[in-house]
J.: 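Got a structure for you, questions after.
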Number of protein chains: 2
Amino acid sequence: MSPQPNKRPGRTIRSVQIAFNIIDLLQEEAGIGVTRIADELGHSKSTVHSHLRTLEERRVIVREGDGYRLGLRFLDVASHVRDQIGNFDIVQKEVDSLAEETGEIVQFGVEEYGMVSYLHKAQGEHAVETLSRVGTQQPMYSTSLGKTILAYLPPERIEEIAAAMEYEPKTANTITGPEELFEELETIREQGYGIDDEENINGLRCVSAPVKNDETILGAISITGPSSRFTEDRLHGELADYVRSAANVIELNTKFS
Amino acid sequence: MSPQPNKRPGRTIRSVQIAFNIIDLLQEEAGIGVTRIADELGHSKSTVHSHLRTLEERRVIVREGDGYRLGLRFLDVASHVRDQIGNFDIVQKEVDSLAEETGEIVQFGVEEYGMVSYLHKAQGEHAVETLSRVGTQQPMYSTSLGKTILAYLPPERIEEIAAAMEYEPKTANTITGPEELFEELETIREQGYGIDDEENINGLRCVSAPVKNDETILGAISITGPSSRFTEDRLHGELADYVRSAANVIELNTKFS
DNA sequence: AGACTCGTTCCCCAGGCGGGAACAAATATA
DNA sequence: TATATTTGTTCCCGCCTGGGGAACGAGTCT
């Protein structure tokens, strides 16, 4: 489905794989039972049964009606994860207020596995609905968040990620190769912000600004909107200013922690 | 640690147990490595290593510095879970607005594994900090949410849950046995709301109202505050009215879905 | 009442997995 | 710089676990 950058081999444990296949399945479709899961995954019912028992005992999944769904425990896990990321509340506050102020979609992303993961998202008044969702992943080369984060990663990490990239053209404007990408990264470093000009989704443009702590990049904050409202002038002008100052606020608040 | 009501035996898979022990550990303490985890869980380093590889491949955990933390993927899982619960947005909206209006802590809980799980929580202006956290579990006998939900569950389920209960006195007022509990449930059904009079935490009182869909209980909404502000009169008066009307709004909006 | 589908249980046996130990790499100590 | 210590990684072995097949029991639908 998506490129797998850090593919290190090593031994991997089958039962755990199966368990997570079940979890993945239940994430997509709740309320299914043993038989259905067994069919879907190509395992015997008895195998799936044992797994469901284990997951149930662990309170990872819950019986509901006839079928299972993921347990609320995940909400707890998620909030722990947010805490672990550090400074989440600061990021949240700033993202929310920028969304409120501009009425557009504002997102904060960090790098994980050579992709951008959305840590927080807020939509203002006239929000365009986008498919992105907190916790999901997007390629780095086709999003302003991704390119901006990439631009400020240590050179060897950039190489590593770029080497594992598979450039899939999502629109006519998508970056299609390394040379184009490196050039873009250079531009971003020069101007201090990154642009996505309908490179990921047709009709949508974004600007992102990096959030750094000293010299290490923590993530990036972006603002997204329809090309009609997001003209080239505004992108490089006030919108870029918005994200840069928001990034700045986060940096200042996060500096001494 | 906590009572395990639905303890069905059945076969359980060891590797999966280990995997989740690791996840649990990383949830509590991020940034630890192979050796530390192996020590903590009493497994060999090689075993833990294989597991970490598996979890890393699955993007459940992420290398960070020297050590691992849980991945942002959990944020995505959590949002799926919320969607699966159904009507989360309605609940959220109502809880938020009640918290805003009253300035206190408002929570929504559902039953899971014979305990109350918090689905959403909002705190208003003068919020007392409580330990409860979205996704965490509390016993049903010592919380107003728990007792209120319990009161409206089908009789056989009440029996089942009550049978597995271990009454641990959390304060001087905690319910300590089944007869007391059943009496309380009866009172709740009569008056249409449930009270927690410093039964779970000293100095804190709550009122909860049930949220039902037809005759099945979906959960309950509660408001929590310090006993100083939450006098007996207010609890049974305006505060009870608040939660009941909020519950009503949720019921109305959720009815046709 | 019969034919279906569902979840559960039992048993078997192959190979997966946990463990120990050796290895490698990085950091600390002197 | 050499030595000692701690880290993560790899290898291999052998037990036993976990996956599969099939039988069973309980609902559910014709």
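The chains referred to below are lettered A, B, ... by the order of the sequence lines, with proteins before strands, and numbering in each begins at 1. Just the heavy atoms: all of them, side chains too, but no hydrogens, waters or symmetry mates, feed the values below. Just so it is clear, the model here is predicted, and its values are computed rather than measured.
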J.: Identify, with sequence neighbours excluded, every residue that meets salt bridge (Lys or Arg N to Asp or Glu O under 4.0 Å) alongside Glu40(A).
T.: Arg36(A)

J.: Closest heavy-atom contact between Glu57(A) and Gln17(B)?
T.: OE2-NE2, 3.5 Å

J.: Please report, rounded to the nearest Å, how far the C1' atom of dG19(D) is from the CZ atom of Arg53(A).
T.: 16 Å

J.: Could you list by number each residue of residues 30-40 of chain A showing a heavy-atom separation from DNA chain D of less than 4.0 Å, or answer none if no residue does?
T.: none

J.: Once each nucleotide of nucleotides 10-20 of chain C is scored for protein heavy atoms under 4.0 Å, what B/S/- sequence comes out, 5' to 3'?
T.: BB-----BBBB

J.: Calculate the interatomic distance between Gln17(A) atom CD and dG18(D) atom P; express it in whole Å.
T.: 15 Å

J.: Salt-bridge test for Arg69(B) and Glu112(A): reply yes if a basic N is under 4.0 Å from a carboxylate O, no otherwise.
T.: yes

J.: Please list each protein N or O that sits under 3.5 Å from an N or O in nucleotides 28-30 of chain D, with the distance.
T.:
none

J.: Can you sort out the partners of Asp24(A) under salt bridge (Lys or Arg N to Asp or Glu O under 4.0 Å), two or more places apart, ordered by chain and number?
T.: Arg58(B), Arg73(B)

J.: Can you tell me if Gln84(B) uses its side chain to pair, donor with acceptor, with the backbone of Gln27(A) under 3.5 Å?
T.: yes

J.: Mind running ring pair (Phe, Tyr, Trp, His ring centres under 6.0 Å) on Tyr141(A) and Tyr167(A) for me, showing each step along the way?
T.: CA-CA 8 Å; Tyr141(A) 59 86; Tyr167(A) 300 85; 5.2 Å; yes

J.: Toss me the dot-bracket line for DNA chain C: Watson-Crick and G-U wobble, both under 3.5 Å, 5' to 3', using | for pairs to another strand and [ ] for crossers.
T.: |||||.|||||||||||||||||.||||||

J.: Report yes if a side-chain nitrogen or oxygen of His49(B) is closer than 4.0 Å to either non-bridging phosphate oxygen (OP1 or OP2) of dG8(D); otherwise report no.
T.: no

J.: Round to the nearest Å and state the distance from Arg63(B) atom CZ to dT9(D) atom C1'.
T.: 10 Å

J.: Apply side chain to side chain contact (heavy atoms under 4.5 Å, CB included) to Pro154(B) and list each qualifying residue two or more places apart in sequence or on a separate chain.
T.: Glu156(B), Arg157(B)

J.: Which atom pairs, one a donor and one an acceptor, fall under 3.5 Å between side chains of residues 88-95 of chain B and the rest of the protein, sequence neighbours left out?
T.:
none

J.: So, Asp196(B) and Ser144(B): side-chain donor and acceptor under 3.5 Å apart, yes or no?
T.: no

J.: Not counting sequence neighbours, which residues clear side chain to side chain contact (heavy atoms under 4.5 Å, CB included) with Arg14(B)? List them please.
T.: Ile18(B)

J.: For the pair Thr216(B) (side chain) and Asn213(B) (backbone), establish whether a donor and an acceptor sit closer than 3.5 Å, ignoring hydrogens and angles.
T.: yes

J.: Where do N or O atoms of nucleotides 24-29 of chain C meet protein N or O atoms at under 3.5 Å, pair by pair?
T.:
none

J.: Taking the basic N atoms (NZ, or NE/NH1/NH2) and the acidic carboxylate oxygens, is any pair closer than 4.0 Å for Glu199(B) and Lys147(B)?
T.: yes

J.: Restricting to side-chain hydrogen bond (donor to acceptor under 3.5 Å, both in side chains), what partner residues turn up for Thr176(B), sequence neighbours left out?
T.: Glu180(B)

J.: Assess the pair Tyr193(A) and Tyr152(A): is the distance between their ring centroids shorter than 6.0 Å?
T.: no

J.: Only counting residues at least two apart or in another chain, list the ones meeting salt bridge (Lys or Arg N to Asp or Glu O under 4.0 Å) with Arg82(B).
T.: none

